[in-house]
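Convention: sequence-line order gives letters A, B, ...; per-chain numbering from 1. Since this is a predicted model, take the numbers as computed values, not measurements.
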Amino acid sequence: MKIATWNVNSLKVRLPQVLDWMAANPEVTALCLQETKMDDPVFPQAEIEAAGYHVAFAGQKTYNGVAIIARAPIEDVVINVPGFDDPQKRLITATVNGVRLIGAYIPNGQDLESDKYPYKLAWLEALLQWLQAQLQQYPQLALLGDYNIAPEDRDVHDIKKWAGGVLVSPPEREAFARMLALGLSDAFRHFEQPEKSFSWWDYRGFSFKKNAGLRIDHILMSPALLARCSSCVIDVEPRKHERPSDHTPVIATLD
DNA sequence: ATGGCTACTTCTAGTAGA
């Protein structure tokens, strides 16, 4: 079984690509999506189910929105962090094949002076509390999604250009480190990887062609799940297609 | 170099993404 995450930057635009990708990746049991940008009443549930999948989702108009598409039933779904009052839909938690999946679209933060930056840090605090509680209940757990954090300098194509800004600021990286301190591991870094591996490239300035990207989409795993994990890769293929998302899928193989 | 590119909504120009 494989689990995956993909920020699709509008499911309305990318649904055909998502269905094609699932068909091309038959071992993927569950795919977490971010930035669906669709309110629940217009979510393409019927199309996804007609293609043979289970789906759970929590969306809003224009911004954010998360979903899980799976080849197995999706159980015990929780939307957002209970008790954390958040009008934005950025978190979906569910169990698929006995694995607890937390699909996250962590806030971008915009810049260090923006109101969105303290929102990002508060959001990360709430996520950390939720992670801690879920880990106690579900030993086999993965946190998958768009973290909007490049954990290390090697995850940034040009650290001089990004240094001191959002996505790499010390408080954000400390929040990431605190996830690791809970016992989680960055599945991608658990294996040998090519240098300059990224999961996002700006649409502008031929960034993908120049591989001027960031690694901000991650799969963190609990010890019990990491023990079952044999690989973790970034799939750059969809970024080459017509009208791509600016993010690419990240896939982990289990068992 | 504050541009560049894409998606969205509806003051089709302005916001947001990262």
Side-chain angles (χ1 to χ4, degrees), chain A residues 5-18 21 32-44 57-67 86-91 103-124 127 144-173 175-176 188 196-219 234 236 238-250:
Chain A
T5 177
W6 191 5
N7 179 327
V8 291
N9 184 20
S10 167
L11 188 59
K12 184 177 180 179
V13 173
R14 237 68 69 184
L15 179 62
Q17 292 186 37
V18 169
W21 189 86
C32 297
L33 301 177
Q34 301 87 39
E35 285 206 86
T36 57
K37 299 187 178 179
M38 306 178 94
D39 213 349
D40 291 347
V42 295
F43 190 90
F57 50 92
Q60 64 182 90
K61 207 174 165 184
T62 314
Y63 303 115
N64 313 310
V66 284
D86 186 4
Q88 304 187 18
K89 296 291 192 297
R90 293 178 172 275
L91 197 74
Y105 177 44
I106 293 175
N108 171 281
Q110 198 165 53
D111 61 64
L112 271 55
E113 283 71 44
S114 167
D115 290 345
K116 292 169 189 169
Y117 185 69
Y119 167 70
K120 180 177 193 172
L121 297 181
W123 202 95
L124 283 163
L127 176 62
L144 316 85
D146 176 359
Y147 285 56
N148 273 314
I149 299 172
E152 299 176 60
D153 287 355
R154 62 177 166 163
D155 300 315
V156 181
H157 69 96
D158 181 354
I159 191 60
K160 283 177 189 160
K161 183 179 171 182
W162 290 84
V166 78
L167 312 188
V168 302
S169 75
E172 296 167 65
R173 285 181 165 178
F176 189 88
F188 188 76
K196 297 184 165 97
S197 289
F198 306 123
S199 67
W200 171 87
W201 299 261
D202 200 307
Y203 283 122
R204 299 163 291 184
F206 302 100
S207 297
F208 182 62
K209 199 174 180 179
K210 294 191 282 194
N211 196 27
L214 305 173
R215 193 178 71 94
I216 52 177
D217 300 87
H218 311 294
I219 302 177
I234 295 169
V236 297
R239 192 65 175 77
K240 302 173 183 172
H241 293 173
E242 290 273 313
R243 273 191 108 178
S245 169
D246 43 358
H247 296 253
T248 59
V250 183

Any salt bridge (charged side-chain N to carboxylate O under 4.0 Å, His left out) involving residues 103-121 of chain A? Give me the pairs, sequence neighbours left out, ordered by first then second residue.
Lys120(A)-Glu172(A)
Please, what dot-bracket string fits DNA chain B when only Watson-Crick and G-U pairs with both distances under 3.5 Å count, crossing ones use [ ] and pairs to another strand use |?
....(((((...))))).
Expressed in angstrom and rounded to an integer, what is the separation of Phe208(A) atom CZ from dA18(B) atom P?
17 Å
Which sits closer to the 5' end of DNA chain B, Thr36(A) or Gln110(A), going by the nucleotide each is nearest to?
Thr36(A)
For dG14(B) and dA18(B), measure between their P atoms and round to the nearest Å.
23 Å
ring-ring contact (aromatic ring centres under 6.0 Å, His included) partners for Phe198(A), two or more places apart
none
Sequence neighbours excluded - salt bridge (charged side-chain N to carboxylate O under 4.0 Å, His left out) pairs with any residue from residues 208-219 of chain A
Asp155(A)-Arg215(A), Asp186(A)-Arg215(A)
At under 4.0 Å between heavy atoms, what does Val166(A) touch on the DNA or RNA strands: base, sugar-phosphate, or nothing?
nothing
What residues, two or more places apart in sequence or in another chain, satisfy ring-ring contact (aromatic ring centres under 6.0 Å, His included) together with Phe208(A)?
Trp201(A)
Heavy-atom contacts under 4.0 Å between residues 146-165 of chain A and DNA chain B, which residues?
Asp146(A), Asn148(A)
Can you pull out the residues from residues 196-205 of chain A that lie within a 4.0 Å heavy-atom distance of DNA chain B?
Trp200(A), Tyr203(A), Arg204(A)
What is the distance, to the nearest angstrom, from the NZ atom on Lys61(A) to the P atom on dT15(B)?
18 Å
Which residues pass the side-chain contact (heavy atoms from CB on, under 4.5 Å) test with Pro118(A), sequence neighbours left out?
none
Look at Arg90(A) together with Asp146(A) and state whether they make a salt bridge at an N to O cut-off of under 4.0 Å.
no
Taking the same atom, C1', in dA1(B) and in dT15(B), what whole-Å distance lies between them?
22 Å
Separation of Lys120(A) atom NZ from dA18(B) atom P, in whole Å?
9 Å
What integer number of Å spans the C1' atoms of dA16(B) and dT2(B)?
15 Å
Can you sort out the partners of Asp40(A) under salt bridge (Lys or Arg N to Asp or Glu O under 4.0 Å), two or more places apart, ordered by chain and number?
none
Just by modelled atom types, is the Ser114(A) backbone N or O under 3.5 Å from a matching donor or acceptor in the Tyr119(A) side chain?
no
For Asp202(A), which residues count as a salt bridge (Lys or Arg N to Asp or Glu O under 4.0 Å) partner, sequence neighbours excluded?
Arg204(A)
Where the side chain of Leu214(A) is defined as all heavy atoms beyond and including C-beta, which of dT9(B), dA18(B), dA7(B) is the nearest nucleotide?
dA18(B)
Please tell me which of Leu167(A) and Ser10(A) maps to the more 5' nucleotide of DNA chain B, matching each residue to the nucleotide holding its nearest heavy atom.
Ser10(A)
From the set dA18(B), dA16(B), dT9(B), return the single nucleotide nearest to any side-chain atom of Lys116(A).
dA16(B)
Roughly how many Å is it from NE2 in His247(A) to P in dG17(B), rounded to a whole number?
11 Å
Rounded to the nearest Å, what distance is computed from the CD atom of residue Gln60(A) to the P atom of nucleotide dA7(B)?
19 Å
What is the distance, to the nearest angstrom, from the CG atom on Asn7(A) to the C1' atom on dA18(B)?
10 Å
Got Thr5(A) and Gln34(A) here, is their nearest side-chain heavy-atom distance under 4.5 Å?
yes
Find the distance Asn108(A):CG to dA7(B):C1' and express it as a whole number of Å.
15 Å
Phe188(A): what forms a ring-ring contact (aromatic ring centres under 6.0 Å, His included) with it, not counting sequence neighbours?
none
With a non-hydrogen cut-off below 4.0 angstrom, is Asp111(A) in contact with a base, only sugar-phosphate, or nothing?
nothing
Counterpart residues, side chain to side chain donor-acceptor pair (under 3.5 Å), relative to Thr36(A) (two or more places apart)
none
When the distance from CG of Asn64(A) to P of dC8(B) is rounded to whole Å, what number comes out?
13 Å
